[in-house]
Amino acid sequence: MLDLALVRRDPERVRDSASRRGLDAGFVDRVLELDTRLRALRTNVETLKAEKNALTERIARAPNRAAAAEALRPELKALDERIAAGASEIPALAGEIEQMLGDVPNVLDPRVPVGRSEEDNVVVKQWGTPTSLPFTPKPHWEIGEALGILDFERATALSGSRFTVLRGEGARLSRALINFFLDRAAARSYLEVAPPFLVTRETMWSTGQLSKFSDAMFADASSDLFLIPTAEVPLTALHRGEILSGETLPLRYCAYSPCFRKEAGAAGKDTRGLMRLHQFEKVELVWLTLPERSDEALQKLVADSEAVLAELEIPYRVVDLCSADVGFNAARTFDLETWLPSQGRYREISSCSNCTDFQARRSGIRFRRAPTARPEFVHTLNGSGLPVGRTLTAILENFQEADGSVRVPDALIPYAGFSRIGAPPASPQGNGTT
RNA sequence: GGAGAGGUGGCAGAGUGGUCGAAUGCACUCGCUUGGAAAGCGAGCAGACCCUUUAAAGGUCUCGGGAGUUCGAAUCUCCCCCUCUCCGCCA
């Protein structure tokens, strides 16, 4: 949520950010107008209330309270009427402002490149060279199905489209990746958390997942609980409503979780394979920082995410998302994209965002610089470190060999317990089922 | 799911209609004291919003949430949420 004070203080900045995102900035004037009216109303009502409170106190101090109450009754009644009249409009006005403000995305960092689509994202770094294979690379779903480790057909029978079943080494590799990711995060001083995968509407709202633009969530209507679309939600909201002491910052959390997304707006996109499913698994990284440290934290977060990919020897690049592509909560986002040989291009695997005080304001996560200082909002950041399915995709595609087998990256072998999926037929030891 | 108890400031814990945003203790901040510390002493110490150049002063609201009774509600009434104990069920 935007700071209303910011809209008042620097409307131009808010307008500019909205139009860079390709949104109509008309809400700024509307909010300012409503706000002016609201404050005038409130001041008026509060003055009347102060008058009433003074009279009430006079009754309390009177030697004969009943008589005093009786004497002041007409005056009090008149005040009550004026208060009620003035107050009647307040909830609607406040609600309208709240709603408008709640639907406005975060103010972009001035450094975010201006653009109209993901085409305008700026590549800031490339690691490794795109894998070139001496044969025609197969897409990961073909590799996985041929190896018997991915089963889309049975998944569809169980749950419909956009699900998969992992089998054998596929399932084990998935489990290995989760442990690998968590261990690497822990080594970089993230505290591992095992959060709930279902959260309340308030929690979902507090991290900015429930705006009017979002219908991406699976939910249980009878209990009003939502399946998390990412562990960012419970991790960021972990300290909701708290006032932290400044010296505990930064707080760094990581969590494994399944993620559930309707992918309603993605019809026709990535309909095959693991890239876009209704359910996937991920290890998420979250920071709560001092405001002046969040920029630096974003760099570290990206580096933490990168380190895992590099250790897995997967060629990737880092892109600075342009104004049209930065999400609702974020002021600035860097995506990591891995090379997919079958598509001959880089595809998103991780998104690392600085949400500044946007989520913190919605969630009421504050801190004090000193024990007697005023509370301020923290800055929150989140990034994938990493998703299992897309990492598996990158491994299958980049490490595929001509015989259809797939090498396991060295770093993962201790976790997986095997070094290759689908041993070459020439090797008599390999029985393919491990 | 059933029965009972309870939700008050960072924590503990008073407060059952009036000058209570709330005693007291602990914690915390500042000062005094001390060679230094502890103890002791003094002062301060919830949040949001409004007003305000800053500060100060002031105003409104908040004692789980919402609605109500009353001139006046932490205190009374109703609804909801949550926690704890016992029973039932269960991985």
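Throughout, protein chains are lettered first and strands after them, A, B, ... in sequence-line order, and every chain is numbered starting at 1. Because only heavy atoms are used, hydrogens play no part in the values below, and waters and symmetry mates are left out as well, while side chains stay in.
Between A:Glu57 and A:Arg366, the residue whose closest nucleotide on RNA chain B is further toward the 5' end is A:Glu57. In this structure, A:Ile243 and A:Thr47 both approach RNA chain B, and ranking their closest nucleotides by distance from the 5' end singles out A:Ile243.
Within 4.0 Å (heavy atoms only), A:Arg8 reaches sugar-phosphate atoms of the nucleic acid but no base atom. Counting non-hydrogen atoms under 4.0 angstrom, A:Thr56 reaches a base of the nucleic acid. A:Asp80 comes within 4.0 angstrom of no nucleic acid atom, judged by non-hydrogen atoms across all strands. Using a 4.0 Å heavy-atom criterion, one finds that A:Lys77 contacts no nucleic acid atom at all.
Note on ring orientation: taking the six-membered ring where Trp is involved, the planes of A:Phe163 and A:His278 are tilted (angle from 30° to 60°).
Here, B:A38 and B:A23 have their P atoms 27 Å apart, quoted to the whole Å. When the P atom is used for both B:G18 and B:G72, the distance is 14 Å, rounded to whole Å. With C1' as the reference atom, B:G13 and B:C26 are 11 Å apart, rounded to whole Å. Look at the P atom in both B:C78 and B:G6: the space between them is 15 Å, to the nearest Å. Taking the C1' atoms as reference points, B:C63 lies 11 Å from B:A46, given to the whole Å. The separation of B:G66 from B:A73, taken at their P atoms, amounts to 15 Å, rounded to a whole angstrom. B:U29 and B:G47: their P atoms are spaced 16 Å apart (whole Å). Between B:U83 and B:U8, the two C1' atoms lie 15 Å apart (nearest whole Å).
You'll find the ring centres of A:Phe328 and A:Phe358 inside the 6.0 Å limit.
By the 4.0 Å N-to-carboxylate-O rule, A:Glu337 lies too far from A:Arg347 to be salt-bridged with it. A salt bridge links A:Asp320 to A:Arg332: one of the charged nitrogens lies within less than 4.0 Å of a carboxylate oxygen. Ion pairing of A:Arg184 with A:Glu311 is present here, as a side-chain N (NZ or NE/NH1/NH2) and a carboxylate O approach within less than 4.0 Å. One finds no salt bridge joining A:Glu169 and A:Arg172 here, because no Lys/Arg side-chain nitrogen approaches an Asp/Glu carboxylate oxygen to under 4.0 Å. Contact check on A:Arg15 versus A:Asp29 returns a salt bridge, with a Lys/Arg side-chain nitrogen under 4.0 Å from an Asp/Glu carboxylate oxygen. Looking at A:Glu292 and A:Arg369, a side-chain N of the basic residue comes within less than 4.0 Å of a carboxylate O on the acidic one, giving a salt bridge.
Pairing partner, B:U24: B:A12, with both Watson-Crick or wobble hydrogen-bond distances short of 3.5 Å. Under the Watson-Crick or G-U wobble criterion, with both distances below 3.5 Å, B:U83 is paired with B:A5. Both distances falling under 3.5 Å, in either a Watson-Crick or a G-U wobble arrangement, place B:G40 opposite B:C32. Under the Watson-Crick or G-U wobble criterion, with both distances below 3.5 Å, B:C45 is left unpaired in every strand shown. For B:A91, there is no paired nucleotide, since no Watson-Crick or G-U wobble pair has both relevant distances below 3.5 Å. Base pairing analysis places B:C63 opposite nothing; no Watson-Crick or G-U wobble pair with both distances below 3.5 Å involves it. In a base pair of the Watson-Crick type (N1 to N3 plus N6-O4 or O6-N4) or a G-U wobble (N1-O2 and O6-N3), with each distance short of 3.5 Å, B:A73 is matched with no nucleotide. Searching all strands for a Watson-Crick or G-U wobble partner of B:G58 with both distances below 3.5 Å returns B:C50.
Within a heavy-atom distance below 4.0 Å of RNA chain B, the residues of residues 58-67 of chain A found are A:Ile59, A:Ala60, A:Arg61, A:Arg65.
Using modelled atom types, one finds no donor on one side chain facing an acceptor on the other under 3.5 Å when comparing A:Asn179 with A:Tyr256. Of the N and O atoms on the side chains of A:Thr356 and A:Asn106, at least one donor lies less than 3.5 Å from an acceptor on the other residue. Side chains of A:Arg240 and A:Thr203: a donor on one and an acceptor on the other come within 3.5 Å.
The outermost nucleotides of RNA chain B lying under 4.0 Å from heavy atoms of chain A, listed 5' to 3', are B:G18 to B:G72.
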